[in-house]
Amino acid sequence: MGAGSKRYLSHGSFTLGGFLVLFVVAMAILAPLLAPYDPYAQSLAGRFTQPIWMNGGGWAHPLGTDQLGRDYLSRILYGAQISLMIGIGTAILSGVIGTSLGVCAGYFGGKIDSVIMFMITARLAMPVILVALAVVALAGASLTIVTLTLGLLLWDRFALVSRATTMQIRNSDFVTAAELQGASAAQIVIHEILPNLINNLIVVATLEIAQAIVLEAALSFLGLGVPAPLPSWGLMISEGKSSILFEPWLITIPGIFLFGLVLGTNLLGDGLRDILSPDGRS
């Protein structure tokens with residue numbers, strides 16, 4: 001095992017966060033094989049079956065069933081796919097938008113930088129959850145609409161980080177050498193600047209994935225996120241809130257998995273930030 005691998009594995013936050021994220025990724029990938037039932041199949045005769053650790057529970061439905069008799073374990077497994085799709089899709093879209101704007105602002109400067117900074121300031125002035133609620137309410141709730149909406153709202157962190165880093169790189173010797181050799185602005189950005197942004201962008205992406213997952217859960221809880229009957233963890237919490245006094249596990253179970261994924265993603269990002277920083281801070 002190389003020194004680099006040991007450095008990653010010896011970092012507590014990175015190791016714990018990576019384990020939690022990989023666990024949820026494995027759930028999502030293996031859901032068709034692990035799910036004992038169709039996550040959409042209803043059985044009104046089997047409504048509110050208790051989880052296995054409670055009185056009346058059994059191995060037929062280890063995590064119980066919901067108000068429509070749907071197997072909770074199957075819905076939890078497929079819910080991992082929904083959360084990861086929205087988190088990763090949002091990070092990709094916002095990353096492309098934010099990085100493009102940030103690199104342009106940092107490299108060209110002047111009026112272009114002023115215009116893009118105005119756009120970033122305007123974006124930061126918008127309350128994300130309220131704008132997302134308005135957009136989804138007007139456009140209609142769907143997996144695609146939620147992902148696009150969040151992607152178009154969460155690009156500011158990518159823009160700020162890429163702008164600041166590009167401004168530092170722009171005056172480097174290797175960029176000057178490329179300019180003297182006649183390289184175009186596009187070539188310099190692609191071959192000299194972007195490779196030096198990757199580490200920072202990866203860290204930002206992990207944080208944006210976590211934020212997107214939380215926002216999707218909040219929108220679904222409010223009834224304007226992923227539409228039923230898709231097994232979104234946020235929607236499962238929303239559907240279970242009417243039974244919180246009598247069947248609290250309907251909220252607790254998806255809440256634990258949602259908490260674990262968000263915690264793991266944030267720990268992974270924090271660990272990567274420490275490991276990839278030049279001084280390897282702890």
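Residue Ala178 comes nearest to Ile188 through the heavy atom pair CB-CG1, 4.1 Å, listed as atom of the first residue, atom of the second, then distance. Between Ser243 and Leu250, the shortest heavy-atom contact is CB-CD1, 4.0 Å. Ala212 approaches Gly87 most closely through the heavy-atom pair CB-CA, 4.1 Å. Across every non-hydrogen atom of Ala60 and Asp71, the tightest pair is O-OD1, 4.3 Å. Taking all atoms of both residues into account, the shortest heavy-atom contact from Pro231 to Ile82 is O-CG1, 4.3 Å. Closest approach of Ser220 to Gly234, counting heavy atoms only: CB-C, 3.8 Å.
The backbone N or O of Phe257 sits nowhere less than 3.5 Å from a side-chain atom of Trp233 that would complete a donor-acceptor pair. Thr65 places a side-chain N or O within 3.5 Å of a backbone atom of Gly46 that can act as its donor or acceptor partner. The backbone N or O of Ser184 lies less than 3.5 Å from a partner atom in the side chain of Gln187, making a donor-acceptor pair. Looking only at distances, a side-chain donor or acceptor of Asn266 sits under 3.5 Å from a matching main-chain atom of Val262. Between the Gln81 side chain and the Ala28 main chain, a donor and an acceptor come within less than 3.5 Å of each other. The backbone N or O of Val175 lies less than 3.5 Å from no partner atom in the side chain of Ser172, so there is not a single donor-acceptor pair.
Met167 and Phe118 fall into different hydrophobic clusters, defined by Ile, Leu, Val, Met, Phe, Trp and Tyr side-chain heavy atoms under 4.5 Å apart, directly or through other members. Both Leu124 and Val204 are assigned to one and the same hydrophobic cluster, defined by single-linkage of ILVMFWY side chains at heavy-atom distances under 4.5 Å. Following chains of ILVMFWY side-chain contacts shorter than 4.5 Å, one can reach Val25 starting from Ile209, so the two form part of one hydrophobic cluster. Criterion: ILVMFWY side-chain heavy atoms under 4.5 Å apart, direct or through other members. Under it, Val146 and Leu230 are part of a common hydrophobic cluster. If you chain together hydrophobic residues whose side chains sit under 4.5 Å apart, Met54 and Trp59 fall into the same group.
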Would you sort out whether Leu215 and Gln211 count as a side-chain contact (heavy atoms from CB on, under 4.5 Å), showing the intermediate values?
CA-CA 6 Å; Leu215 288 173; Gln211 186 176 6; 4.0 Å; yes
After noting the C-alpha distance and the side-chain angles of Ile193 and Thr165, does the key distance pass the side-chain contact (heavy atoms from CB on, under 4.5 Å) rule?
CA-CA 9 Å; Ile193 293 178; Thr165 308; over 6 Å; no
Might you work through the side-chain contact (heavy atoms from CB on, under 4.5 Å) test for Leu63 and Arg75, ending with a clear yes or no?
CA-CA 10 Å; Leu63 297 185; Arg75 291 184 65 77; over 6 Å; no
If you apply the rule side-chain contact (heavy atoms from CB on, under 4.5 Å), what do you find for Ile169 with Glu192, and how did you get there?
CA-CA 9 Å; Ile169 299 172; Glu192 306 296 342; 5.8 Å; no
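To the nearest 0.5 Å, the span separating OG1 on Thr15 from CG on Leu268 amounts to 10.0 Å. Between Gln168 atom CD and Asn196 atom CG the span is 11.0 Å, to the nearest 0.5 Å. Distance check, rounded to the nearest 0.5 Å: CD1 of Ile116 to CE of Met119 gives 7.0 Å. Atoms CD1 and CG, on Ile129 and Leu222 in that order, are 6.5 Å from each other to the nearest 0.5 Å. Taken to the nearest 0.5 Å, the OG atom of Ser13 stands 5.0 Å off from the CG atom of Asp270. Separation of atoms CG (Asn200) and OG1 (Thr99) is listed at 10.5 Å; rounding is to 0.5 Å.
Around atom OH of Tyr37, more than 12 heavy atoms belonging to other residues, nucleotides or ligands sit under 6.0 Å away. Remark: Phe259 CZ is loosely packed, at most 12 non-hydrogen atoms of other residues, nucleotides or ligands lying under 6.0 Å away. Environment of CH2 in Trp53: crowded, with over 12 heavy atoms of neighbouring residues, nucleotides or ligands closer than 6.0 Å. Residue Asp173 qualifies as open at atom CG: its count of foreign heavy atoms under 6.0 Å is 12 or below.
Contact check for Glu216 versus Leu219: no side-chain heavy atoms found under the 4.5 Å cut-off. Between Ser74 and Asp38, the closest side-chain pair of non-hydrogen atoms is not below 4.5 Å. Residues Pro62 and Pro51 have side chains not in contact (no heavy-atom distance under 4.5 Å, counting atoms from C-beta outward). Under the 4.5 Å side-chain criterion, counting only non-hydrogen atoms from C-beta, Leu143 is in contact with Met85. Arg47 is not listed as a side-chain neighbour of Leu68, based on a closest heavy-atom distance of 4.5 Å or more.
Sorted by first and then second residue, the pairs that involve residues 64-106 and meet ring pair (Phe, Tyr, Trp, His ring centres under 6.0 Å), not counting sequence neighbours, are Tyr72-Trp249.
For Leu22, there are no side chain to side chain contact (heavy atoms under 4.5 Å, CB included) partners at least two apart in sequence or on another chain. Arg70 pairs by the salt bridge (charged side-chain N to carboxylate O under 4.0 Å, His left out) definition with Asp66, Glu239, not counting sequence neighbours.
With hydrogens and angles left out, the side-chain atoms of Gln50 and Glu247 include a donor and acceptor closer than 3.5 Å.
If you run side chain to side chain contact (heavy atoms under 4.5 Å, CB included) between Leu263 and each of Thr265, Leu267, Leu261, only Leu267 comes through.
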Acceptor/donor pairs from residues 88-95 side chains to any protein atom, 3.5 angstrom cut, sequence neighbours excluded:
unit_1	atom_1	unit_2	atom_2	d
Thr90	OG1	Ile86	O	2.7
Ser94	OG	Thr90	O	2.7
Ser94	OG	Ala91	O	3.3

Could you tabulate the donor-acceptor pairs under 3.5 Å formed by side-chain atoms of residues 100-111, not counting sequence neighbours?
unit_1	atom_1	unit_2	atom_2	d
Ser100	OG	Val96	O	2.6
Tyr107	OH	Glu179	OE2	3.4

Just list the side-chain donor-acceptor pairs under 3.5 Å for residues 149-159, sequence neighbours left out, or say none.
unit_1	atom_1	unit_2	atom_2	d
Thr149	OG1	Ile145	O	2.7
Trp155	NE1	Leu152	O	3.1
Asp156	OD1	Arg123	NE	3.0
Asp156	OD1	Arg123	NH2	3.1
Arg157	NE	Glu208	OE2	3.3

